[in-house]
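If you're wondering where the values come from, they're calculated on a predicted model, not measured in any experiment. Scope of the values below: all heavy atoms of this structure, side chains included, with no hydrogens, waters or symmetry mates. In listed order, ligands and their atoms are each counted from 1.
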Amino acid sequence: MEFTIKSGSPEKQRSACVVVGVFDNRKLSLSAELIDRASNGYISEIIRRGDMEGKLGATLLLHNVRGTLADRVLLVGLGKERDFRDKEFRSAVKSAVKLLNETGSYEAVIYVTEEKVKRREVAWRVEHAVVVAMEAVYRFDQMKSEKAEVRRPLRKLTLSVPQRSDLTSGEAAAARGLAIAHGMELARDLGNLPGNVCTPKYLGERALEIAKEFPDVKVTVLERKEIEELGMGSFLSVTNGSYEPPRFIVFEYNAATKKQRPVVLVGKGITFDSGGISLKPGHDMDHMKFDMCGAASVFGTFRAIAELKAKVNAVGLVAACENMPSGRATKPGDVVTSMSGQTIEILNTDAEGRLILADALTYAERYEPEAVVDIATLTGAMVIALGHVACGVFSNNDALARALVSAGDDAYDRAWQLPLWDDYQDGLQSNFADFANIAGRAGGSITAACFLSRFTKKYDWAHLDIAGVAWLEGKEKGATGRPVPLLTTWLLTQETAPAS
Ligand code: BES
Ligand code: MN
Ligand code: ZN
């Protein structure tokens, strides 16, 4: 979809459709008011008849409204005016775009972006309208033999801003929204692909394709032999049971000054997590194809910053493999040596994410990073703690954690900090190795983060446990593309002067 920014009166738009808001209860927004005046009170007449109360997300499509130059006028409910905040704004835009995509309009002008949202500027509204619109029309039908064609899809959306002076910032915001949306689409596609297609090898190939499309991104894909040479014994122990060979994928993007130390993103890329010898129960095991969504968010974020030519130095590391049982698989009780030299007693082969991340986090040291952020569908306990709303943030630096939480707030991709106090470390104690890969059931997400913290002593680090937010279940089952919005927004706050 294409987006443009415009400032002007709704009744004067020559368009297939003009979208204006109505507040609950039957209160016209300013743009709806302008249409109403131009049409001699047609809108208020309809509203008086009770066809549009202004309930959040309600829609009413009108044709040939007198006094306007558009073919259609779409009324969209905004809910109560005093409750019109981030969530409501996004939900109104989503309803409008979903409907537009199903009507005959190839193109439309939307005025919801003119409505005030508490604490948010015009640029925020534009950026989010773009992200939400793209999310609303996203489809995953790569694996269907017959694609369900949308007859006349929405191709172009014009976002209206209140003043001509908003045009420049609006255009930059739309570009930001579009890059984030493209990153999310990539992350969603990778997440939704089945485990027999989206293998570690496939991820390596897709990374190389990104480097081809965006010359500012350099990609290196390491295979088993090189991974062995690096001494990544912890990572490799997870791949033992699998026929699919592992990959270690490195993205490098340098658009800031040489002096600027890079930010490193590390993604968990388990393309299928059966649990290994500590086999998972069968129920919903297919969800474990999503166990590479942390990796997918690294792909998506690099795509986004490359599209924006963001002035940052960034490195992306993805450890990709399957976790499978077999006669060669790692067994509970096995002891392995990580790249850091620390030994690990693997008491549960289903706690594999932390094993692959451990070595990737050690590898990150070579970049002398400004900060390292890992992203992982790490623990089922995270879903219990924060549900499907926020991901968990754990960090050895509170300022870093705060910056990530704040980026998540701005991006409507929320994160919430949990503690990483030393008191939680004790459970990892082992009689046979330096430490074990699991502690008791209590505080499972925190003890997983404690495990990772043993490999991140040399830099500022944060861990995002995205187990609850990376995909949805039920009718809307599928990958969400989170936390690409959070990560991209955060990286954009790190922009500095370009390399000269
Ligand atoms: N990939 C899972 C975590 C997960 C489970 C994410 C369910 C989303 C939904 C991870 O590898 C895992 O299996 N974790 C175990 C750890 C346990 C063995 C200490 C868990 O959470 O049960
Ligand atoms: Mn597991
Ligand atoms: Zn896993």
Pair Tyr253 and Phe214, ring centroids less than 6.0 Å apart: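 Ring-ring flag for Tyr253/Phe214: false, centres at least 6.0 Å apart.
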Check this for me, if you would: do Lys118 and Asp86 make a salt bridge, where the nitrogen-to-carboxylate-oxygen distance has to be below 4.0 angstrom?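 No salt bridge links Lys118 with Asp86.
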Can we say Glu185 and Arg303 salt-bridge, meaning some charged N sits less than 4.0 Å from an Asp/Glu carboxylate O?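 The answer is no: the pair does not qualify as a salt bridge.
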Does a donor on one side chain and an acceptor on the other come within less than 3.5 Å for Glu352 and Thr330?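 No, because no side-chain N or O of Glu352 sits under 3.5 Å from a partner of the opposite role on Thr330.
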Report yes or no: does Asp291 have an N/O/S atom closer than 2.8 Å to the Mn ion (ligand 2)?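 Given the 2.8 Å cut-off, Asp291 does not count as a ligand of the Mn ion (ligand 2).
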Please work out the angle at the Mn ion (ligand 2) defined by atom O of Asp350 on one side and atom OE1 of Glu352 on the other, rounded to 10°.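 Reported to 10°, the angle equals 70°.
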What N/O/S atom of Asp273 is the closest to the Mn ion (ligand 2)?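 The nearest such atom is OD2.
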If you count heavy atoms of other groups shown closer than 6.0 angstrom to NZ of Lys201, is the number above 12?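 No.
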With the Zn ion (ligand 3) at the apex, how many degrees lie between NZ of Lys268 and OD2 of Asp291, rounded to 10 degrees?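 With the Zn ion (ligand 3) as the vertex, NZ (Lys268) and OD2 (Asp291) sit 100° apart.
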Vertex the Zn ion (ligand 3), rays to OE2 in Glu352 and OD2 in Asp273 - rounded to 10°: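 The two atoms form an angle at the metal of about 90°.
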Within a strict 4.5 Å, meaning less than it, do heavy atoms of the Lys87 and Tyr412 side chains meet?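 When only atoms from C-beta onward are counted, Tyr412 and Lys87 do touch, with a gap below 4.5 Å.
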Under 4.0 Å from ligand 1 - residues by heavy atom, chain and number: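 Shell around ligand 1 (4.0 Å, heavy atoms): Lys268, Asp273, Lys280, Met288, Asp291, Asn348, Asp350, Glu352, Arg354, Thr377, Leu378, Thr379, Gly380, Ile438, Ala467, Trp471.
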Candidates Asn323, Asn348, Asp350 - the one meeting side-chain hydrogen bond (donor to acceptor under 3.5 Å, both in side chains) with Ser278: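 Result: among Asn323, Asn348, Asp350, Asn348 is the only option passing the side-chain hydrogen bond (donor to acceptor under 3.5 Å, both in side chains) with Ser278.
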Please list, one pair per line, the donor and acceptor atoms closer than 3.5 Å that link side chains of residues 136-144 to other protein atoms, with sequence neighbours excluded.
unit_1 : atom_1 : unit_2 : atom_2 : d
Tyr138 : OH     : Asp189 : N      : 3.4
Tyr138 : OH     : Asp189 : OD1    : 2.6
Tyr138 : OH     : Asn192 : ND2    : 3.2

